[in-house]
2 protein chains.
Amino acid sequence: MAQNKKHEFAADEVVLADIAKALSHPARIAILKEIAKHDTCICGEIVEVLPLAQSTVSQHLKELLGAGVLSGSIDGTKSCYCINWKVFGKFEKTFAEFFSHAKSFETKRNCC
Amino acid sequence: MAQNKKHEFAADEVVLADIAKALSHPARIAILKEIAKHDTCICGEIVEVLPLAQSTVSQHLKELLGAGVLSGSIDGTKSCYCINWKVFGKFEKTFAEFFSHAKSFETKRNCC
DNA sequence: ATCCTTTATCGTAAATATACGATAAAGTAA
DNA sequence: TTACTTTATCGTATATTTACGATAAAGGAT
C-alpha cells in the first residue's frame, strides 16, 4: 500500500482489528487450541502437529507472543509456551462486546 | 509465501481464521459499526466517514460482502449495504465457541 | 572437548493486502 | 441528447504475510 492509514481509525477499532489479525491464520488457531488442550507449557511438541516447517511455526509463535496471548519460558534447549489466560480472556471480552454492541442496534427491518 | 498451506488445517480452524481475517482491518470494523448503528441500508454515506479513498472503501466493502457479513442491493446509481445479521450472529457464535472451548481446559497451573 | 538437539533468526521468494488515481458503467437530471 | 453523480473495477505501487532452507546460538549428552 502507498501508506498505512491504520492509525487514522479509532483506537478501539485498531485494537479489535489487531486481535482479529492475530487469529487470522489457521496455524495460529491450531497452535492456541493445542496449547490450551494441555494447559501446561508445551515445549517443542507443537511443530510435530502442524503441517509447516519449524521456522514457520516459530514465526507464528512469535506473532502470538507479540499479541500477548502466549507466554514463553526457556527450559534448557527447549522453548516453552503456554496460554496467557488473562489476555485470552481480554480477547474474548473484546469480541463479545463488539458483537453485542452491534447487535443492540438490530431492528429486523429486513432492508436488503 | 512459496505456497499456501491453509487447506492442510482442520476445516473449523480455517473457518475461524477466515472470519478473523474479515475483521482484521480497522476500516472493516468501522464499516460494520457504522452500518450497524443505523440498521438500514446505507447507500453511499460510508466513504465520507472513513479516511480512505472511495476505491479503497469499495475494496473493503467487497471483502465484507465476500465474507457474507454484509448484504448489498442497488438503488439507482447508489449501492446499498446492510448487515446480514444471520451471518453476523454466526461470526459471534464461532468466536464464542472457540473461546469457551479453549477456556474449558484452563486449570490455573501458572506454568510460565 | 565434540556431537547432538532444539529453537530463533536470517535471507529470500512468492502471495496477498492495502491504497490510490483513472476509468468504466449505469442511472439521474437538465 | 448531454452533463452529472455514484460506485465498481483496472492498473499499479508498495507493504506485509507466509513459507522455506540455512544457519546461529545455546544447552545437553557422550
Side-chain angles (χ1 to χ4, degrees), chain A residues 1-9 13-14 17-32 34-35 41-67 70-82 112, chain B residues 1-9 13-14 17-32 34-35 41-67 70-82 112:
Chain A
M1 57 202 123
Q3 61 236 359
N4 195 338
K5 299 247 176 149
K6 192 168 127 174
H7 292 293
E8 300 189 23
F9 293 89
E13 290 164 0
V14 175
D18 282 346
I19 294 175
K21 182 172 246 174
L23 303 180
S24 72
H25 194 288
R28 295 195 286 274
I29 300 296
I31 288 169
L32 289 172
E34 184 69 19
I35 300 181
C41 291
I42 287 204
C43 310
E45 304 112 78
I46 302 172
V47 173
E48 283 109 76
V49 304
L50 293 181
L52 296 172
Q54 178 266 324
S55 56
T56 305
V57 175
S58 188
Q59 269 185 343
H60 285 300
L61 287 166
K62 194 179 178 184
E63 279 181 73
L64 291 169
L65 264 185
L70 289 186
S71 303
S73 67
I74 294 176
D75 174 21
T77 54
K78 302 203 170 182
S79 283
C80 305
Y81 294 96
C82 57
C112 18
Chain B
M1 57 201 123
Q3 62 236 355
N4 195 338
K5 299 248 178 144
K6 192 169 127 173
H7 292 292
E8 300 189 21
F9 292 91
E13 290 164 0
V14 175
D18 282 346
I19 294 175
K21 181 171 247 174
L23 303 179
S24 71
H25 194 287
R28 295 195 286 274
I29 300 296
I31 287 170
L32 288 172
E34 184 69 20
I35 300 182
C41 292
I42 287 202
C43 309
E45 303 113 78
I46 302 172
V47 173
E48 282 109 77
V49 303
L50 293 181
L52 296 172
Q54 178 267 326
S55 56
T56 305
V57 174
S58 188
Q59 269 185 344
H60 285 301
L61 287 166
K62 193 179 178 185
E63 280 182 72
L64 291 170
L65 264 186
L70 288 187
S71 303
S73 66
I74 294 177
D75 173 21
T77 54
K78 301 202 171 185
S79 284
C80 306
Y81 293 96
C82 57
C112 16

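What you see below is based on every heavy atom in this structure, not just the backbone, and it leaves out hydrogens, waters and symmetry mates. The chains referred to below are lettered A, B, ... by the order of the sequence lines, with proteins before strands, and numbering in each begins at 1.
The environment of CG in Leu65(B) is crowded: more than 12 heavy-atom neighbours from other residues, nucleotides or ligands sit within 6.0 Å.
Straight-line distance from the CG atom of Leu52(A) to the P atom of dA15(C): 17 Å, rounded to whole Å. Atom C1' of nucleotide dT28(C) and atom CG of Asp75(B) are separated by 11 Å, given to the nearest angstrom. We find that CD1 of Ile74(B) is positioned 11 Å from C1' of dT6(D), with the value rounded to whole Å. For the pair Glu8(A) CD and dA19(C) P, the computed distance is 9 Å after rounding to whole Å. The nearest whole Å value for the distance from the CG atom in Asn4(B) to the C1' atom in dA15(C) is 8 Å. Atom P of nucleotide dT16(C) and atom CG of Asp18(B) are separated by 12 Å, given to the nearest angstrom. In this structure, the CD atom of Glu63(B) is 7 Å from the P atom of dA17(C), given to the nearest Å. For the pair Leu64(B) CG and dA17(C) C1', the computed distance is 14 Å after rounding to whole Å.
Neither OP1 nor OP2 of dT17(D) sits under 4.0 Å from any side-chain N or O of His60(A). OP1 or OP2 of dA17(C) lies within a sub-4.0 Å distance of a side-chain N or O belonging to Lys21(B). Between Lys5(A) and dC20(C), a side-chain N or O to OP1/OP2 separation shorter than 4.0 Å is present.
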Pairs under 3.5 Å (N/O, protein and nucleotides 4-9 of chain C):
residue : atom : partner  : partner atom : Å
dT7(C)  : OP1  : Gly44(A) : N            : 3.3
dT7(C)  : OP1  : Ser79(A) : N            : 3.4
dT7(C)  : O3'  : Ser79(A) : OG           : 3.3
dA8(C)  : OP1  : Ser79(A) : OG           : 3.2
dA8(C)  : OP1  : Tyr81(A) : OH           : 2.4
dA8(C)  : OP2  : Ser58(A) : OG           : 2.7
dA8(C)  : N7   : Gln54(A) : NE2          : 2.8
dA8(C)  : N6   : Gln54(A) : OE1          : 3.0

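Side-chain proximity of Ala53(B) to the nucleotides dC20(C), dA19(C), dT18(D) is greatest for dC20(C).
Atom CG in Leu61(B) sits 9.0 Å away from atom OG in Ser79(B) (nearest 0.5 Å). We find the OH-CD distance between Tyr81(B) and Glu45(B) to be 13.0 Å, quoted to the nearest 0.5 Å. Note: Ile46(B) CD1 to Cys80(B) SG = 9.0 Å, rounded to the nearest 0.5 Å.
The salt bridge (charged side-chain N to carboxylate O under 4.0 Å, His left out) check on Glu34(B) picks up Lys37(B), with sequence neighbours excluded.
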Exercise for the section: Any chance you could lay out the side chain to side chain contact (heavy atoms under 4.5 Å, CB included) test for Leu32(A) and Leu70(A), step after step, and finish with the verdict? Expected result: CA-CA 8 Å; Leu32(A) 289 172; Leu70(A) 289 186; 3.9 Å; yes

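The aromatic rings of His25(B) and His60(B) sit tilted relative to each other, their planes meeting at an angle between 30° and 60°.
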